[in-house]
Asks: 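Encoded as structure tokens, here's the structure I'll be asking about.
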Number of protein chains: 2
Amino acid sequence: MPNSKPTPVTMDAVYTAPGYLFRRMQQIAVALFIEECKAFDLTPVQYAALVTISTHPGIDATRLSAVIAFDRSTLGNVIERLQTKEFIVRKPAPEDKRVKLLYLTKAGASVLNDIMPSVDKAQARMLQPLKPADRKTLLALLTQLVDLNNEASRVPLRAEDALEHLGRSG
Amino acid sequence: MPNSKPTPVTMDAVYTAPGYLFRRMQQIAVALFIEECKAFDLTPVQYAALVTISTHPGIDATRLSAVIAFDRSTLGNVIERLQTKEFIVRKPAPEDKRVKLLYLTKAGASVLNDIMPSVDKAQARMLQPLKPADRKTLLALLTQLVDLNNEASRVPLRAEDALEHLGRSG
DNA sequence: AATTAATTGACAGTATACTCACAATATGGC
DNA sequence: GCCATATTGTGAGTATACTGTCAATTAATT
């Protein structure tokens with residue numbers, strides 16, 4: 001007889017898939033972040049953008065997107081919201097009329113300083129259910145995996161180093 | 001002297017945060033899924049919905065959202081798209097005029113059967129960069145963590161068992 | 001039985017996250 | 001200097017993922 005027996009589909013096809021588990025953890029991570037940081041009106045993405053602008057004053061949107069691996073189009077909206085909240089300002093670059101440089105405002109620097117403990121608390125809560133040794137193991141494997149899979153994502157991370165020779169004269 | 005020294009912010013505040021790593025892995029997981037499954041015009045979420053409707057014929061949207069832990073509002077749109085693609089049909093429930101029951105069409109069952117190898121390939125590629133032993137370790141820890149953090153997410157997963165006594169007479 | 005509760009699906013609104021495309025601008029080869 | 005090419009920011013369009021709210025309907029309470 002022909003091999004016509006269809007594979008019986010079970011929910012394991014969803015529940016045990018790493019992609020599903022990463023999606024769930026992302027949902028959980030965002031929920032915990034929002035809960036811990038609700039006093040600050042900042043999303044995880046907005047927080048990451050603020051940190052990067054803080055450590056790279058005068059960065060432009062395209063580089064920012066590469067340094068945190070967020071899509072350039074997405075980041076346009078994020079920047080707009082941060083600007084509306086007056087946490088950042090945009091200044092036209094003198095030597096390139098296309099570019100707008102990003103800087104923290106005082107309010108932005110202040111909120112970034114103040115939100116840190118809450119962010120740390122949210123990050124700790126994510127891994128809390130695991131034993132301390134398991135937390136380290138998971139974090140190490142996750143860091144490895146993200147790094148090794150970097151090129152698989154649509155917007156690979158390009159660290160500062162990889163960008164230094166771009167868009168500058170030197 | 002007063003403790004006025006501001007903590008210097010570095011990119012580690014982003015790169016080493018588990019929340020950021022989970023976000024990256026989710027981006028990577030979706031990118032790999034889309035790449036492997038582009039011939040089938042199905043997203044990861046749509047795939048999960050199809051699997052669940054396949055294993056739970058006649059499920060309604062609210063239960064479906066609980067079984068895969070997707071937001072009910074989000075799922076409304078997902079169902080609509082699956083209906084437009086004619087992979088599922090919605091039939092009004094005879095005993096409850098509010099409810100619409102979900103069933104796979106023949107095309108839906110067919111695409112689900114055909115897409116499986118590509119889904120498996122995408123899931124395997126996600127963990128490929130790790131050593132086999134590390135893959136197992138990560139998957140085990142991730143499964144634990146998602147389970148233990150279940151209540152922290154906005155839409156906790158409620159397995160079939162937990163739903164059996166709801167909305168039915170028995 | 002009548003009022004209150006809860007449930008269901010739908011809708012509006014916000015925020016990522018991606019696609020492709022496009023004008024303005026800058027840079028390269030010639 | 002000129003022209004092809006590349007880059008920057010932006011916009012439209014699609015798809016999650018959440019917040020609310022709402023009408024219709026059903027269930028629970030008295």
Asks: Give the nucleotide from the list C:dT8, C:dA15, D:dC18 with an atom nearest to the side chain of B:Val155.
Replies: D:dC18

Asks: If you only use heavy atoms from C-beta on, which nucleotide in D:dG9, D:dA15, D:dC18 is closest to the side chain of A:Arg72?
Replies: D:dG9

Asks: Could you tell me the separation between the CD atom of A:Glu95 and the C1' atom of D:dT7, rounded to a whole number of Å?
Replies: 14 Å

Asks: Among the nucleotides D:dC18, D:dT16, C:dT16, which one has an atom lying closest to any side-chain atom of A:Gln27?
Replies: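 Within the option list, the nearest is D:dC18.
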
Asks: Whole angstrom is fine here: how far is it from CZ in A:Phe70 over to P in D:dT10?
Replies: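 Distance check: A:Phe70 CZ to D:dT10 P gives 18 Å.
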
Asks: Closest nucleotide of DNA chain D for B:Thr74 versus for A:Gly76: which of these residues is on the 5' side?
Replies: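 Its nearest nucleotide being more 5', the pick is A:Gly76.
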
Asks: Is a donor-acceptor contact shorter than 3.5 angstrom present between the side chain of B:Ser73 and the base of D:dG20?
Replies: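 Check passes, donor-acceptor contact within cut-off.
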
Asks: Measure from CG on A:Asp60 to P on C:dA26 and round the result to the nearest Å.
Replies: 13 Å

Asks: With nearest nucleotide decided by heavy atoms, which residue, B:Leu101 or A:Lys85, maps closer to the 5′ end of DNA chain C?
Replies: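 Here B:Leu101 is the residue nearer the 5' end.
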
Asks: Rounded to whole Å, please give me the gap between CD in A:Glu80 and P in D:dA12.
Replies: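 These atoms are roughly 11 Å apart.
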
Asks: Taking atom types as modelled and ignoring hydrogens, do the side chains of A:Asn149 and B:Arg125 form a donor-acceptor contact shorter than 3.5 angstrom?
Replies: no

Asks: Where does D:dA23 land, syn or anti, given syn is within 90° of 0?
Replies: anti

Asks: Show the nearest heavy-atom pair for residues A:Ser153 and B:Ala31, with the distance to one decimal.
Replies: CA-CB, 4.1 Å

Asks: Between C:dT14 atom C1' and A:Asp41 atom CG, what is the distance in whole Å?
Replies: 11 Å

Asks: Looking just at side-chain N and O atoms, do A:Arg90 and A:Gln83 make a donor-acceptor pair shorter than 3.5 Å?
Replies: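 Yes, because at least one side-chain N or O of A:Arg90 sits under 3.5 Å from a partner of the opposite role on A:Gln83.
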
Asks: What contact category does A:Val30 fall into here, base, sugar-phosphate, or nothing, at under 4.0 angstrom with non-hydrogen atoms?
Replies: nothing

Asks: Rounded to the nearest angstrom, tell me the gap between atom CG in A:Leu64 and atom P in D:dT10.
Replies: 13 Å

Asks: Just N and O in the side chain of B:Arg81: are any of them under 4.0 Å from OP1 or OP2 of D:dT14?
Replies: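 Result: no.
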
Asks: Has A:Gln26 got a side-chain N or O lying under 4.0 Å from the OP1 or OP2 atom of D:dT16?
Replies: no

Asks: Name the closest nucleotide to the A:Arg90 side chain, picking from D:dT25, C:dA10, D:dG9.
Replies: D:dG9

Asks: If C:dA5 has a Watson-Crick or G-U wobble mate with both distances under 3.5 Å, name it; if not, just say none.
Replies: none

Asks: B:Arg63 CZ to C:dG9 P: how many Å, rounded?
Replies: 10 Å

Asks: A:Phe22 and side-chain contact (heavy atoms from CB on, under 4.5 Å): which single residue from B:Val146, B:Leu21, B:Leu142 fits?
Replies: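 Option passing the side-chain contact (heavy atoms from CB on, under 4.5 Å) with A:Phe22: B:Leu142.
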
Asks: How far apart are the C-alpha atoms of A:Phe70 and A:Val78, what are their side-chain angles, what is the distance that settles it, and do they pass the side-chain contact (heavy atoms from CB on, under 4.5 Å) test?
Replies: CA-CA 10 Å; A:Phe70 293 165; A:Val78 175; 5.9 Å; no

Asks: Looking only at side-chain N and O atoms, does B:Lys97 come under 4.0 Å of OP1 or OP2 in C:dG9?
Replies: no

Asks: Return whichever of A:Asp96 or A:Asn77 has its heavy-atom-nearest nucleotide of DNA chain C closer to the 5' end.
Replies: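 The residue closer to the strand's 5' end, by nearest nucleotide, is A:Asn77.
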
Asks: I'd like to know if the side chain of B:Thr137 reaches the main chain of B:Ala133, judged simply by a donor and an acceptor atom lying under 3.5 Å from each other, with no hydrogens or angles considered.
Replies: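 It does hold such a pair.
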
Asks: Whole Å only: how far is the CG atom of A:Leu50 from the P atom of C:dT16?
Replies: 11 Å

Asks: Describe the nucleic acid contact of A:Asp71 in one word from base, sugar-phosphate, nothing, applying a heavy-atom distance below 4.0 Å.
Replies: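 Touches a base.
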
Asks: Any N or O donor-acceptor pair linking the side chain of B:Arg98 to the base of D:dT25 at under 3.5 Å?
Replies: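 Flag set: donor-acceptor pair detected.
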
